[in-house]
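Everything on this sheet refers to the single structure shown next.
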4 protein chains.
Amino acid sequence: MVIHFGMASFEWVQKMAEQEPGKPSATSRTPDKRERILEAAIAVFAEKGFAQTKVSEIAKVAGVADGTIYLYFENKDDLLIKAYEASMDRILESLARLLAETESTAEKVERFIQHHLQMVGNDKQLAKVITVELRTSPKFMVEYKNTKFNDYLRLLSDIIANGQGEGVLRGDIDPALAARALFGMLDELSLMFVLGGRMDLRITARLLYETFMNGTAVPQSGDSATQRAIALTNRINR
Amino acid sequence: MVIHFGMASFEWVQKMAEQEPGKPSATSRTPDKRERILEAAIAVFAEKGFAQTKVSEIAKVAGVADGTIYLYFENKDDLLIKAYEASMDRILESLARLLAETESTAEKVERFIQHHLQMVGNDKQLAKVITVELRTSPKFMVEYKNTKFNDYLRLLSDIIANGQGEGVLRGDIDPALAARALFGMLDELSLMFVLGGRMDLRITARLLYETFMNGTAVPQSGDSATQRAIALTNRINR
Amino acid sequence: MVIHFGMASFEWVQKMAEQEPGKPSATSRTPDKRERILEAAIAVFAEKGFAQTKVSEIAKVAGVADGTIYLYFENKDDLLIKAYEASMDRILESLARLLAETESTAEKVERFIQHHLQMVGNDKQLAKVITVELRTSPKFMVEYKNTKFNDYLRLLSDIIANGQGEGVLRGDIDPALAARALFGMLDELSLMFVLGGRMDLRITARLLYETFMNGTAVPQSGDSATQRAIALTNRINR
Amino acid sequence: MVIHFGMASFEWVQKMAEQEPGKPSATSRTPDKRERILEAAIAVFAEKGFAQTKVSEIAKVAGVADGTIYLYFENKDDLLIKAYEASMDRILESLARLLAETESTAEKVERFIQHHLQMVGNDKQLAKVITVELRTSPKFMVEYKNTKFNDYLRLLSDIIANGQGEGVLRGDIDPALAARALFGMLDELSLMFVLGGRMDLRITARLLYETFMNGTAVPQSGDSATQRAIALTNRINR
DNA sequence: GATGAATGAGTGTTCATTCAT
DNA sequence: CATGAATGAACACTCATTCAT
């Protein structure tokens, strides 16, 4: 059924942000040096903002020398991009796993929303970097082809396109546009949360889910369904 | 038609971005110098991004000396903020005028959406600065109390709250949250447009309007229609 | 008598720093504009130091427009020099008048010292400018031929030379050197006073006078020499 | 004897200004970089004056990059202060060593004077910086608590106080004031020398010594007092 | 003469990046 | 691989001076 709004568990991605064990290597005492730098970068970018962040401070937080960073990354920009991409890889992976567990369009949408907000709740720093810093200036939104972001959006637009194929969602909306719109809501509310807004992410997830589904759902065939839609529309148009 | 959201004229704000005369004073040789600087600032910020913009380039574009900028603005940050606030003042004013023309909640929502996207379409540069640059880092989103933005959002949340009071919109959603969510969609789609996405702003406006209204509308009482609506609502409210 | 150490009045220059009436002119409402600028310059230079002083602030204090200053003075340096010279003219004049009142070398020395310290006490700001600012950098101590200062020193070295001619002061000391040394003491103690040191200028004047005279006096010939020495010493020790 | 005014050697501090080895460290490529910057700073400050000196020129003279200076010093001000303090440390040390060699008040005074003028003769640049630049404006005379200078003066005022305790010097003069006065003479004559005045520093030292001692000496008690005064005077006049 | 808006040369300081060790 | 001292390009901002009114 189109509209089945049960809220699934909110603990799926609970551990997403936890440190992966890392692959110990015999040659280096700190095999995860690269990881530590990425972590440190995200932490400092989140706290200070990209422009205000000094490479030397990332180095200090990561416990490495300034120059070491340049053994692993091309430059400061690259560091932001790589930090972002590494995070997105983890996010995309966990999201894909989650979505694979169900066939239902509605449930997929629900999970997408929950997953997004949960990620935000679990790793505020990362969320801030993605939400705020990556938007900054041509350097990251234009020159850099944001593949991971497109992957993320495609995951969503595919769900929507499928829903349209199944006749569950309105067919007159460009799935990419709808995906982008939903992402916009998620992103804005995440920003609100990240910048200190008090906000219950679970309730927010539910509301987003409901309104998005209601807004995009196709009225069911059959007499009553039709009337509902008409009634609704009439009200709206007054 | 399910949802017939008559699209009102899309030309309301057509001239919003035109140069205001400025207040000529007997003492200043070029009374509009301040305006020229603001314009230039928006243009250059939009093109290069705030961090990559040199004050001297703004001066060059504005046709004034570097130092002149500091007669009108405290510093580079202030220039961005003042450019933003001046623009927001114009936007808020034209938006308020537009909203005052109608009493209908639906129409107000429609006009808000159209107004926003039209502004984006009319002044891509300004839209880019607002959409992209102002998000940059604590400096502008945290330290700076963004009053104008709050005014903008309040205009929208008031519409929603009124709609709830009239029983037209779902009452279980925090109007501020709903406003923020709608703004998120508008902003994200604006960004998409601003960064070069091919996109029909009118159609986008219509779709946003429809989905937002459908997503948040309250079903009317009445026989069969009623049941659907109730069912829907019940589901939603758990 | 060579050594008569009575302290003459300390009120000679009491009014030296008072505003001269100015020569009212029919053409200008503020005939003393130039004077007001000089006064303001001294006040601000004294408070902030030359380098930290903005011409615009002098203008504000003087109650004139920035540009007006350049009608009366070539540039900022010139302003300092002219302020200094105008002050020195007043000082030299009042000093010359004072010294003309007596023939005694000892009394002249005494009056010189008193006059100097009194000037410092009466116009701390001026004293600070002369003592501190004028020493700054080649611009004022090297490039600028400090004629007034030389005049001031010459007044003193002439006294000393005369004393030597009369056999009252040691003849084996270069009068210019002795004058400079005495000035050094005066200047250093003035600086001490000007920078906030608590200090009784009258007592300081007496001590400087006594020690300078004792240090440079010639013992009288003849048996009475002994008595002279004793008398001298007794006087000094009170 | 209280007053034995033989002129001791004038070569004590001859090597005071020579470069100290510096503390080479394994990590720094050029261990003496800090010293080179200090030297260069003194040279350029002396030549151009503090305000007219560009940090970049100090860097050029020192043979380092502009930024390197900021690895060793906080800012331009700090550079002046540190250059001054490092020099004063050397001066204070060599002076203390010199004064420790004798118990006689007269000899200590003599050595102090000689040491001061010799320092001036040996390192004109340093003398100029200390004499001229450090007086500049509140920044260095007021805000900066000039500890080293106070140490220097205290060394002198202690000598004087001791002399007073021994009954050799007049007890009615504040030792701090006397010290300051003597310093004023030294400083003024140094300035004269530094700014190009032709002047024999040895003779100047002797004259200062004699006049200061004569000006401040106490006549010995007893009938011979008279003779003492005469003897004193005779000695002084050679 | 007087004004003060406009000018633009001038510079201290930062910090991403390099490279000798 | 790792270091961190050294680099030097880059730039916001100031303020003495000018000049059209």
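Everything numeric here is computed off the predicted structure, so don't read it as measured data. Labels below follow one simple rule: chain letters A, B, ... track the order of the sequence lines, proteins then strands, and each chain is numbered from 1.
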Which whole-number value in Å describes the distance from [X] [atom1] to [N] [atom2]?
{"X": "A:Lys76", "N": "E:dT14", "atom1": "NZ", "atom2": "P", "result": "15 Å"}
{"X": "D:Asp32", "N": "F:dA6", "atom1": "CG", "atom2": "P", "result": "10 Å"}
{"X": "D:Ile37", "N": "F:dA6", "atom1": "CD1", "atom2": "C1'", "result": "10 Å"}
{"X": "B:Glu57", "N": "F:dC11", "atom1": "CD", "atom2": "C1'", "result": "13 Å"}
{"X": "C:Lys60", "N": "E:dG4", "atom1": "NZ", "atom2": "C1'", "result": "14 Å"}
{"X": "C:Leu79", "N": "F:dC15", "atom1": "CG", "atom2": "C1'", "result": "15 Å"}
{"X": "A:Asp77", "N": "E:dT17", "atom1": "CG", "atom2": "C1'", "result": "13 Å"}
{"X": "D:Arg34", "N": "F:dA5", "atom1": "CZ", "atom2": "C1'", "result": "16 Å"}

Next item on the list: Ignoring backbone atoms, establish whether C:Tyr70 has a side-chain N or O less than 4.0 Å from OP1 or OP2 of E:dT3.
Entry: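 It does not, given that no N or O in the side chain of C:Tyr70 lies less than 4.0 Å from OP1 or OP2 of E:dT3.
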Next item on the list: Compare side-chain N and O positions of D:Tyr72 against OP1 and OP2 of F:dA6 and report whether any pair is under 4.0 Å apart.
Entry: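 Yes, within the criterion.
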Next item on the list: Any chance you could encode DNA chain F as dot-bracket? Rule is Watson-Crick or G-U wobble with both distances under 3.5 Å; [ ] for pairs crossing earlier ones, | for another strand.
Entry: .||||||||||||||||||||
Among residues at least two apart in sequence or on other chains, which ones pass side chain to side chain contact (heavy atoms under 4.5 Å, CB included) with [X]?
{"X": "B:Lys54", "value": "B:Ser56, B:Glu57"}
{"X": "B:Val55", "value": "B:Ile69, B:Tyr70, B:Lys76"}
{"X": "A:Thr68", "value": "A:Lys33, A:Val64, A:Ala65, A:Leu71, A:Tyr72"}
{"X": "B:Ala86", "value": "B:Leu38"}

Notebook entry, point to check: What are the two closest heavy atoms between C:Ile130 and C:Tyr84, and how far apart are they?
Noted result: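 Nearest pair, atom of C:Ile130 first, then C:Tyr84: CG1-CD1, 3.8 Å.
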Item checked: Rounded distance (nearest 0.5 Å) linking atom OG of C:Ser87 with atom CD of C:Glu39 ->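 Taking OG in C:Ser87 and CD in C:Glu39, the distance rounds to 9.5 Å.
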For [X], side chain to side chain donor-acceptor pair (under 3.5 Å) partners two or more places apart:
{"X": "A:Asp89", "result": "A:Lys148"}
{"X": "D:Gln125", "result": "none"}
{"X": "B:Glu74", "result": "none"}

Short N/O separations, protein against nucleotides 7-10 of chain E, under 3.5 angstrom:
unit_1: E:dT7; atom_1: OP2; unit_2: B:Ala65; atom_2: N; d: 3.1
unit_1: E:dT7; atom_1: OP2; unit_2: B:Thr68; atom_2: OG1; d: 2.3
unit_1: E:dG8; atom_1: N7; unit_2: B:Gly67; atom_2: N; d: 3.2

Next item on the list: For D:Val55 and for A:Glu74, find the nucleotide of DNA chain E with the closest heavy atom, then tell me which residue's nucleotide is more 5'.
Entry: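 In this pair, the answer is D:Val55.
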Next item on the list: Could you say whether C:Ser56 or B:Thr53 is positioned toward the 5' end of DNA chain F, judged by the nucleotide with the nearest heavy atom to each?
Entry: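 Its nearest nucleotide being more 5', the pick is B:Thr53.
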